[in-house]
Each structure stands twice: as structure tokens, then as C-alpha cells.
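Once you've had a glance at the structure underneath, I'll fire off some questions.
So that the names make sense, note that chain A is the first sequence line, chain B the second, and so on, each numbered from 1. Scope of the values below: all heavy atoms of this structure, side chains included, with no hydrogens, waters or symmetry mates.
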Amino acid sequence: MAEQKIYKKAISVKKTVIWTMLAIGAIAMLTPIIFMFSASFKYSDEIFNLNIIPSEPTLSNYIYLFEETTFFKWLINSFIISTVVTFSVLFFDALIGYTLCKFKFKGRKIVFIAILSTLMIPTEMLVIPWYVLSNNLGLIDSYFGLMFPGLMSGFGVFLMKQFFEGVPDDFLDAARIDGLNEFQIFIEVALPLVMPALSALAIFTFLGNWTAFLWPMIVTTSADLYTIPVGLASFSGEFQTEWEMIMTGAAVASLPTLLVFLLLQRFIIRGVILGGLKG
Amino acid sequence: MRLNILLLLTYLSLSFSAKAQEIIEIDYWQYAYKERISAIDKLITMFEAENPNIKVNHTTFAYAQYRTKVAAAVSAGEGPDIVQLFYGWLDDYLAGGILQPLSQQEFPTAEIDELYFPMVQNMKVDGEYYALPTAVRSLALFWNKKLFREAGLDPEKPPKTLDELLDHAKKLTKRDRAGNIIQVGMTLSPTGQDHNWWREVLTRQYGGKPYSNDGAKVLYDDQAGLDAFKFYSGLSTDHNVTVVDFMDKSEAAFRAGRAALHIDGSFLLGTFNRGGRRPLRLEWGVTELPRHNGIKSNYASYWVNGITTKAAGAKKQAAEKFLKFITSEEAMQLWLDEVGELPARKAVAMQDSNKNHSTYGAFIRGLDYAVSTKFYSEAGQRQTVVDMLDRVVLTGMSAKESLAIAAREDQAIIDKALNK
Amino acid sequence: MSNNKGLTVGQKRAIWAWLFLVIPIVYFIIVRFYPTFDAFSMSFTDWNIIGERNYIGFDNYVTLFNDPVFWVVLGNTFEYLLFGIPISLLLSFTIAYYLDQIKFGHGLLRACYFVPFLTTAVAMAWVWRWFYQPVPIGIFNLALGELGILQMDFLRSTTQALPAVLMPAIWAGLGFQIIIFLAGIRSIPDSYYEAAKIDGAGDRQILWEITLPQLRATITFIVITSSIGFLRIFDQVYNMTQEGEGGPLNATRPLVIHIYKSAFEDFEMGMAAAQTVVLFTILMVITLLQLKVMKKDG
């Protein structure tokens, strides 16, 4: 009896140590984010102190950011672009994945392999030709120019195809007998069955577009069309490293995704696992 | 303000009455910089009021990408009618067939030769001007009066020579108990304007010359260049009065009151005057660059406006009109007041009110003896100075060796550009 | 059914399939395949945006391989990989392994580790850039100063700068890897552990003989995705070094910065395209290599 108690005690001591270490690690992970937010509420003469709670908290940096700079416009741009691209990816990738999974026709394999092979091509290789293409088509400095490279993705096609494998053909056949056409079947029967995959794909796509830097930097010319990351980079140059302003910009750039995460945590983590493992 | 409203009203009424006339639209491009944008916008409003049948579309691009955007757009036939370019890009633009010469009728060569500061003649090829500046820039020494007082120095007496500069910098450097510098006596940051100070000012003051007259040959790899570079890098390595890129950007350190002496361009004035909600609490003065061995030197750069090959017919006429307007004396004075850049016409600059101005004055007086580097790749050639300094400061390489490497790299950039 | 004029069900469905695929196929050809081809063909020209594309054979590649800076850049690129992979793998596995054993506050802790993954790299690069400054402004050096420890040069050092730039990249990716590891660990059947315990295996033995071998697929997945990420590092370097040059003295300059500068600052499109072909080749080889390793083991 006594021995078991000691054993249990040893376990709980060990657990406490592990827990403490993990908690310290978690705090360390959050430190940059905490300091970022903290600095954004400080006056410029206080930001180089190590205290986290400002002695004299202020919203003046935020007010300045939204009233005197184009930051709000960038926020809107990022939002529009990420949203449109995400919907396009969801629709087309699901449609392609569904077609390649549920239809038997000549050339199916070639199409699938061809789309899959695009996963091997790094964006960096495509940006120069994309730039030339946009230039020739007058897409530089336009929403469409920002969006067109991401409207469909090989990754999403692959992910959706994997998931449609799990949808029984009987369901679809039943719908055919009910007289639905193939497009209706896709929208009304098939799509609702792969909601978890769609949400995973939505998370990845939105996040990827929200944080994208290289292509938006190349294709935008006027400040009115910048996305958040491009704006932030140029903004940091213009403000001559006024750190409290840069931190405020960084905070505003990170806030939307952090808020969404707080609201939909479980959902997002499940999505990441689904997307990560199947994709 | 009232004047603006008046102008706006005139403009509106004029444009109303002129509605029957055909409106000619021209595109004007420059890079994005808050003060420059508002200055050009004001000029456009005034211009359009005078010329109701011309509409100027003003487009700006981020500085870092400006050059690319212009090159790409022009090559796609989509460029502007009037474009602003850095003086050092002229060769590239001519080679690319982007610019057309300014017509002798509207812009007689002799007149420009006479009325503008001499460095503008770099824009003349085979007797024809291709572009004209509204404003020019030069360098000057900023100092923080409060820090001078704290160090027991006379806040109204900035250093006049390099020796004084070094002496002051030593007194103005502050360290913490561990010996880390927490306030630099003098900023050192070749990613800013220092590289120009070293190249065109220090090398000449030590008796050398940075490049051959045609700009095709690097000459600073000699004893004079070495002495100049030793002084420059010595601020950090020997005298320890500075930290390279202190506080990430040296102008940030100066603005934050953590740097006592700082060399920068006249465009910095515009940002100092940025008022509003976040006023700058800084007691500063600005003076001419310190001399050495009795030699004064300065570096001037400028942006010019050229008419592209795309503009033809009525558009070309409108573009010429606009170019004339933005290089008028009136426009130059406005540019000086708004942007803090110096008038390119001698007559405007050398007015006593400008020449003796408490802030612009130092820059304008510097124009008298300023030279412009013939850059082949501004970013690339600047990087050679950045690396030259870093090799000495970070890896402990000897100044002589590092200078030789820089000269080789610089020459390679020039050769490559010339062999294109 | 009557208006189908002899089309079989199979043919009818094939028509639907192609109908669904026609827009995507056009899209993939224009936006993926043609540009890939264009990048390859551009790499054999001296094109500089203005002017003609003249074919110059392998000249760009020859110039590239004779350029000592390019080799430094390649070296840096692999350094990011060689530091990045082991550090992030070790950290994320250790955290996931222990996090898995914790019930109290599991969700909260997991969330804390995951949050950096959701931040914008550009934004956080500036935060880290600030942290790395010397006194009197840099948080790290201020903290070191409080502890009475010598100051570090971080971004102003030719040796410390690369790891310093790499840190935020590792930091941001860690949460994703932990989540994937946790899922992997959870998917190992309990019966394996029970059998091991009956055999009297200790924690360490279980870790080495059951957990890790069972996670082989997970590890391969993480290694491939993060390798590609580290080899393509850009946002952090561009925003944490002076003028985005990848300095000091090219100490942090990776391939993608080099490509960007060649293409969009020097306008040497042909040269830049040649560099993208090199990047493409490296990524391809590494992916195939790792897939092969996985297949062999699987």
C-alpha cells in the first residue's frame, strides 16, 4: 500500500514538473506577442522598458494608425482578397477533387497527376512569369492581379479528392435517381458530406493569403492596393523604426487571425490536423 | 488654406465652362513619400486651374519598387507621360528608349545651363536636356542642442571641422555601467546617407577623388581614400563614439534624442516638421558639413522629370506645359516649403531668405560646392560601402584590405553597366 | 432519358466531368504550366525587362556558378535547413510528447503553443527585429543587461545573425508541428503500449521502440514540409535585415532574397529565372529523397 502511495506521489511530482516546464515554454512562446501588444499601448518614451503593463496606457498609437495612415485600407484589401480566394479555392478544388474521384473517364489519371505535379513547383519560380503575364495583361496593381495566382491549388484538389473517397457512391446514385443533375448532386449532396475537409482547406487558404508577402509585394504598386504584410513592411520603412507604431501595425495585422482562433479553437485545430495529415 | 479654396473654386468654375473643350489627360508618376505627394497634388490643382483642358493623373509607387514599376510599365507600353526619375538612372532610361529630349523651343539648352545649378548639366546629352529637376538635395550636419548642453558644450556652436567633430563626438557619447554605448556621439550608418559623405566628401577632404571625371573608373583606392576611410570607420573601431546602425536606423536614433550628431539629407527636414498628434520633441540645429584641410565638399542628388517617348501630339504639348509648370520658380518655392527640398534654380535658392534660413540655409549653402556621383547602380554601389565598413567593424579586417575589395566590387558594377 | 440520343450513362457522365474540368484545366495551364515553362526558357536569355529576350544558352548558369556570392547564398540556404530542421523537430516532438501526458490545462497549453502559427510573418519579423537590437532598446539585450550578462550582437554579427533570423521562423512553425505530432501520437493504438508494459518496458524503451517508430510517417511529413519552408525563407530575412539585403556581409542572404533582388531590383530576369530553376531542382531532389526514405521504411 505504502509503496503504491509513494509511486503515485512520484508520478504526481513528475507530472507537476512536466506541467511547469510546459507552462514556462508556453509563456515563452507567447512573449513576442505579449510584448507586441504591450508596446502598442505605450508612449514612445516607455516602450524600451521591460514592464509589460504600460504605466500610462494609451490608445494614441491606434488612433494615429487608423486616422493618419492607409492601414485600414490595407486591412480591407487583405480581407477581400483572402475571402475571395478562399471561396474560389473551396469551390474549384472541391469540384475538381470530386470529379477526379467520382467520375470514370479517359484522361482522369493524367489530369490528376498533372494537377498534383504543380505541388512541386515553388511559387518563387512562378512569380517572375506571373509578373510578366500581369504586366502584359494590365493586371499589375489590381485586385485580380493579387488574386489570380491562388484561385485554385493543387494541394486543395489532392485533399478534397482524398476526402471524397470516403463518400459512398450510393448516396450519389440515390440523388441521380431523384432526378438531380450532376452539378446539383455536387452542390447539394456531395459538398455537405465533406464539410470538415472544406473547413480545413478554408483555414489554410485564408491564413496563407492573409500572411502572403512575396507576390503581393511584387504585384502591387500603389499604396492603396497593399495588403497588410506589404503595407506593414513599407510602413516600417516610412516610420523610420518608430517601434511603437510598428508594433501597433503588427498587432492590428495579427489580431484578426488571433480573434478567429479564440472563437473557433477546437474547429481550427481539428482542421489543421485534417489538412496536415491527409494533405 | 483660403488660397486653396479659392483655387478650387476657380478650378471648378473654369472646368465647368471648359466642359465643351476636349480634356487632355496626362499621367504623372513619382514615388510615394507623404510630403512629395501632397506637394505635387497642390501643384496639380494650381496647374489644372490655369489649364482647364488638361487633367493630370498623379500615381505614386513605393520607393523600393519604383524603378521596377516604371521599367516594367514602359516596356509594356503603359507608362506615364511624365515620369520622375533619379538623376543616376538617366543612362538606363536613355538606353531603354524611355525618354525623349526636351524641345529646344520650350526648354532652350542655354537658358537651363545658366539658370540651374551646374550639376543639373548631367541631364544634358549631346547638347539636349532630357529631364529637369524641381528640387535638389544636399547633405548637412544635424546636432542635438540638448545633448550638447548636457555634455557641457555650447549648444549654439556645432563642430566646424572633422577634428572638432571627433572631439565633440567623444564628449557626447554615453555608456552604461557595463560599457555599452547608450547614446552615440555621432551616427554611423552607410545604409543612410553616410556612404555619400564618405565617397564625395571625406575622400576629397583627405586629398583624393572618388571617381574619374567620366565616372568610369574608381580612384579612391589610394592613400587619400584610405585615410578618409580610416577616419570614417575609426569613429566606431578606434574612437568608439558610435555603433553602426544604432537603434536600427540612425535617423531614428537622432529623432529619439539618442544620437548627438547626424549627417543626413534635406529631405529629413520634411519628416521633422511632421506635426499633428505626435509632435517631435527635439531641440536640434543643422549646419554645413564640417570641413577638413580647409576643403569643403558636399554631395547633391536630385530627382528629375522627363517626358516619355509615349507622349505625342496634344499629350506631349500638355506634358511640356506641366513640366514647365513644375519647374517654375513658384513651384520650386512651394516644393521647398512643403517637402524641404532645395530649389534647382539658382535664383530661387540663393534668395537671402532661403540662403540664410535657419534650417534650409545650411543645405543651400552646401549646394555651392556640391558634387553628384555618377551612379551606375545606386543600391549596388551603396552596398559596397556598407560591406566595406562591416568587414572592418564586424570581422576586424584591415581598412586597407577592405577598401581594396570595395574598390574592386564597385569597379565591377561600373564595368558591368558600361558593357551592357 | 429520351433526349439523350443514344449517349450511354458513362458517356454522359464523361461529358459532365470535362464540363467541370474545363475551367480548371485552362487555369492550371495558364497560371501553373505555362509560367513554369516560361521560367525555364527565360533562364536561357539575357532579358532585363526592357528590350528583347536574347537566347544565350547556359551563360546565366555559368555566371551563377562562378559567382562566389551565389555559393555563399546557397550555403546560407542550406544552413537555414540544417539548423532549422533538427531544432524545430526536437522541440516540437518533446513538447508534444509531454503535452500528450498532461490532462490539466491541456487545451490551454496547446493553444499557447499554437498561436504563433497564426501570426503574420512580416509582423512578427519586425517584433523580433526590435527584440534583437542592442541596448538601449533591444528587449533581449536589456534583459541580459539586467542579469549582468554580456551583450549579444545578434543581427549585427556575421555568425549570430543567421540563427537570429531563423528563430522567428522556427517559432512560428512550432505550433503546427506540435499539433501534427500530437495527432500522430494519439493515433498509435493503446494496445501497443499495453503490450509493452506487460513486457515490462520502461518509459524510455517505449519511447524509442514504439512511439518513435510508429511516428515515422508523421516525422517524414513534418520534415518535408518544414524543409521546403526553410529552403524558401524570405519574409523574415527581408524584414529583419538592413534594406532587406540579407546582411551583414551576406551572412543571412538566402536564395529567395537573391532571386528577388536579381529580378525586381536589378531587373536581371534571365539570371533570376536561372536561380529559380536551381531552387526548383533543390526542392525537387529533397522531396524525392525524403519520399524515397519514407517508402523504404514504410
Scan side-chain atoms only and decide if Arg32(C) and Ser117(A) contain a donor-acceptor pair under the 3.5 Å cut-off.
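No - no donor-acceptor pair under 3.5 Å links their side chains.
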
Name the region of Gln265(A), side chain, backbone, both or neither, that has any atom closer than 4.5 Å to a heavy atom of chain C.
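The answer is the side chain of Gln265(A).
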
Val111(A) versus chain C, the contacting section by heavy-atom distance below 4.5 Å
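The side chain, not the backbone.
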
Chain C interface, residue from Phe35(A), Phe183(A), Phe103(A), Phe148(A) that has the most non-hydrogen pairs under 4.5 Å
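That would be Phe103(A).
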
Using heavy-atom distances under 4.5 Å, tell me whether Leu133(A) contacts chain C through its side chain, its backbone, both, or neither.
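Just its side chain gets close to chain C.
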
State whether the side chain of Trp130(A) and the backbone N or O of Val31(C) hold a donor-acceptor pair below 3.5 Å, judged by distance alone.
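A pair under 3.5 Å: yes.
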
Do you know which of Trp128(C), Trp130(C), Phe28(C), Phe280(C) has the most heavy-atom pairs with chain A at a distance under 4.5 angstrom?
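Max contact count across the listed options: Trp130(C).
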
Aromatic rings Trp243(A) and Trp126(C): how do their planes relate, parallel, tilted or perpendicular, breaks at 30° and 60°?
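Plane angle between 30° and 60°, so tilted.
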
What heavy-atom pair brings Met42(C) and Val132(A) nearest, and what distance separates the two atoms?
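Heavy atoms of Met42(C) and Val132(A) come nearest at CE-CG2, 4.2 Å.
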
Looking at Ile128(A), Ile96(A), Ile115(A), Thr257(A), which has the largest count of heavy-atom pairs under 4.5 Å with chain C?
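Ranked by contacts with chain C, first place is Ile128(A).
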
Count the heavy atoms of every other residue, nucleotide or ligand shown that sit under 6.0 Å from CG of Leu262(A), and state whether that count exceeds 12.
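More than 12 within 6.0 Å, yes.
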
Part of Val260(A) within contact of chain C (heavy atom distance under 4.5 Å):
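No part of Val260(A) comes within 4.5 Å of chain C.
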
Please classify the contact between Met152(A) and chain C as side chain, backbone, both or neither, with a heavy-atom cut-off of under 4.5 Å.
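Contact with chain C is through both the backbone and side chain of Met152(A).
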
Could you check Met29(A) against Leu174(C) for side chain to side chain contact (heavy atoms under 4.5 Å, CB included), going step by step and ending with a plain yes or no?
CA-CA 9 Å; Met29(A) 287 295 279; Leu174(C) 212 53; 3.9 Å; yes

With only heavy atoms counted, which part of Leu255(A) is less than 4.5 Å from chain C, the side chain, the backbone, both or neither?
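Contact with chain C is absent: no heavy atom of Leu255(A) under 4.5 Å.
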
Which answer fits Val115(C), side chain, backbone, both or neither, if we ask what part of it has an atom under 4.5 Å from a heavy atom of chain A?
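When you check distances to chain A, atoms from both the backbone and side chain of Val115(C) fall under 4.5 Å.
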
Interface moiety of Leu21(C) toward chain A, non-hydrogen atoms closer than 4.5 Å
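It is the side chain, since no backbone atom gets that close.
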
Step by step, would you call Met217(A) with Tyr238(C) a side chain to side chain contact (heavy atoms under 4.5 Å, CB included)?
CA-CA 11 Å; Met217(A) 178 165 67; Tyr238(C) 187 86; 3.7 Å; yes

Can you see which heavy atom on Leu22(A) is nearest to which on Tyr113(C), and at what distance?
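So the two residues come closest at O-OH, 2.6 Å.
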
If you count heavy-atom pairs under 4.5 Å between each of Pro24(C), Gly10(C), Ala14(C), Pro136(C) and chain A, which one has the most?
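Looking at each of Pro24(C), Gly10(C), Ala14(C), Pro136(C) in turn, Pro24(C) comes out on top.
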
Roughly how far apart are Trp19(A) CH2 and Leu99(C) CG, rounded to 0.5 Å?
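If we round to the nearest 0.5 Å, Trp19(A):CH2 and Leu99(C):CG are 11.0 Å apart.
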
Would you call the rings of Phe186(A) and Phe20(C) parallel, tilted or perpendicular, taking 30° and 60° as the class edges?
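Ring orientation of Phe186(A) relative to Phe20(C): tilted.
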
Of all heavy-atom pairs between Arg110(C) and Ile269(A), which one has the smallest distance, and what is that distance?
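So the two residues come closest at NE-CD1, 3.4 Å.
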
Given heavy-atom pairs under 4.5 angstrom as the criterion, report whether the side chain, backbone, both or neither of Thr99(A) touches chain C.
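For Thr99(A), the side chain is the part near chain C, not the backbone.
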
How many angstroms lie between OG1 in Thr287(C) and CG in Leu119(A), if you round to the nearest 0.5 Å?
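If I round to the nearest 0.5 Å, the distance is 10.0 Å.
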
Please classify the contact of Phe33(C) with chain A as side chain, backbone, both or neither, using a heavy-atom distance under 4.5 Å.
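Contact with chain A involves the side chain of Phe33(C) alone.
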
Which residue out of Ala114(A), Gly249(A), Gly154(A), Ala39(A) racks up the most heavy-atom pairs below 4.5 Å with chain C?
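Option with the top pair count is Ala114(A).
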
For each of Ile228(A), Asn181(A), Val127(A), tally heavy-atom pairs with chain C at distances under 4.5 Å, and name the one with the top tally.
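Heavy-atom pairs under 4.5 Å are most numerous for Asn181(A).
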
Could you pull out the closest heavy-atom pair between Gln101(C) and Ile18(A), with the gap in Å?
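Of all heavy-atom pairs spanning Gln101(C) and Ile18(A), the closest is OE1-CD1, 3.6 Å.
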
Pairwise distance OG1(Thr31(A)) to CD1(Ile139(C)) - rounded to 0.5 angstrom:
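Result: 10.5 Å between the selected atoms.
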
Between Phe105(A) and Trp18(C), is the gap from one ring center to the other below 6.0 Å?
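Ring centroids of Phe105(A) and Trp18(C) are less than 6.0 Å from each other.
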
If I take atom OG1 from residue Thr36(C) and atom CD1 from residue Ile121(A), how far apart are they, to the nearest 0.5 angstrom?
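Reported value, rounded in 0.5 Å steps: 3.5 Å.
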
Heavy-atom pair count under 4.5 Å with chain C, highest-scoring of Thr123(A), Asp93(A), Thr118(A)
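Most heavy-atom pairs within the cutoff with chain C belong to Thr118(A).
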
Name the region of Arg108(A), side chain, backbone, both or neither, that has any atom closer than 4.5 Å to a heavy atom of chain C.
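Arg108(A) has no heavy atom closer than 4.5 Å to chain C.
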
Does atom CZ (Phe267(A)) have a neighbourhood of more than 12 heavy atoms from anything else shown, all under 6.0 Å?
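No, not enclosed.
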
Spacing of Trp16(C) atom CH2 and Ile185(A) atom CD1 [to the nearest 0.5 Å]:
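Answer for the CH2-CD1 pair, Trp16(C) versus Ile185(A), is 8.5 Å.
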
For chain C, find which of Pro129(A), Pro256(A), Ala28(A) contributes the most heavy-atom pairs closer than 4.5 angstrom.
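Winner by heavy-atom pair count: Pro129(A).
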
Between Met269(C) and Tyr131(A), does a side chain to side chain contact (heavy atoms under 4.5 Å, CB included) hold up when you go through it step by step?
CA-CA 11 Å; Met269(C) 299 315 233; Tyr131(A) 181 73; 4.1 Å; yes

Please name the pair of heavy atoms, one in Thr120(C) and one in Pro229(A), separated by the smallest distance, quoted to 0.1 Å.
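For Thr120(C) versus Pro229(A), the nearest heavy atoms are CG2-CG, 3.8 Å.
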
Below 3.5 Å, can you tabulate the donor-acceptor pairs from side chains in residues 206-215 of chain A to any protein atom, sequence neighbours excluded?
residue, atom, partner, partner atom, Å
Asn209(A), ND2, Thr205(A), O, 2.9
Trp210(A), NE1, Ala253(A), O, 3.1
Thr211(A), OG1, Leu207(A), O, 3.0
Trp215(A), NE1, Gly145(A), O, 3.1

Checking heavy atoms, do the side chain of Gln11(C), its backbone, both or neither come under 4.5 Å from chain A?
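Contact with chain A involves no heavy atom of Gln11(C) at all.
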
If you count every heavy atom of other residues, nucleotides or ligands that lies below 6.0 Å from Lys104(A) atom NZ, does the total exceed 12?
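Counting other residues, nucleotides and ligands, NZ of Lys104(A) exceeds 12 neighbours.
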
Contacts of Arg53(C) that satisfy salt bridge (Lys or Arg N to Asp or Glu O under 4.0 Å) - sequence neighbours left out:
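Only Asp38(C) meet the salt bridge (Lys or Arg N to Asp or Glu O under 4.0 Å) criterion with Arg53(C).
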
Part of Phe104(C) lying under 4.5 Å from any heavy atom of chain A:
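Both parts, heavy atoms under 4.5 Å.
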
Taking every non-hydrogen pair under 4.5 Å, which of Asn239(C), Ile222(C), Thr119(C), Ile95(C) racks up the most with chain A?
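The candidate making the most pairs under 4.5 Å is Asn239(C).
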
Please report the C-alpha distance between Arg13(C) and Glu182(A) in whole Å, then the side-chain angles of each, then the deciding distance to 0.1 Å, and finally whether the side chain to side chain contact (heavy atoms under 4.5 Å, CB included) criterion is met.
CA-CA 8 Å; Arg13(C) 296 194 58 200; Glu182(A) 293 294 338; 3.8 Å; yes

Just by distance, do the side chain of Tyr98(C) and the backbone of Met21(A) share a donor-acceptor pair under 3.5 Å?
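Answer holds: no.
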
Phe92(A) vs Tyr27(C), test: ring-ring contact (aromatic ring centres under 6.0 Å, His included). Steps then yes/no.
CA-CA 11 Å; Phe92(A) 281 109; Tyr27(C) 176 85; 7.8 Å; no

What closest approach, in Å, do Leu109(C) and Ala26(A) show between heavy atoms, and which atom pair accounts for it?
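Looking at all heavy atoms of both residues, the closest pair is CD2-CB, 3.9 Å.
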
Interatomic spacing from OG1 in Thr276(C) to CD in Glu124(A) - rounded to 0.5 Å
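Reported value, rounded in 0.5 Å steps: 9.0 Å.
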
Can you tell me which portion of Leu151(A) sits under 4.5 Å from chain C's heavy atoms? Options are side chain, backbone, both or neither.
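Leu151(A) touches chain C through backbone and side-chain heavy atoms alike.
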
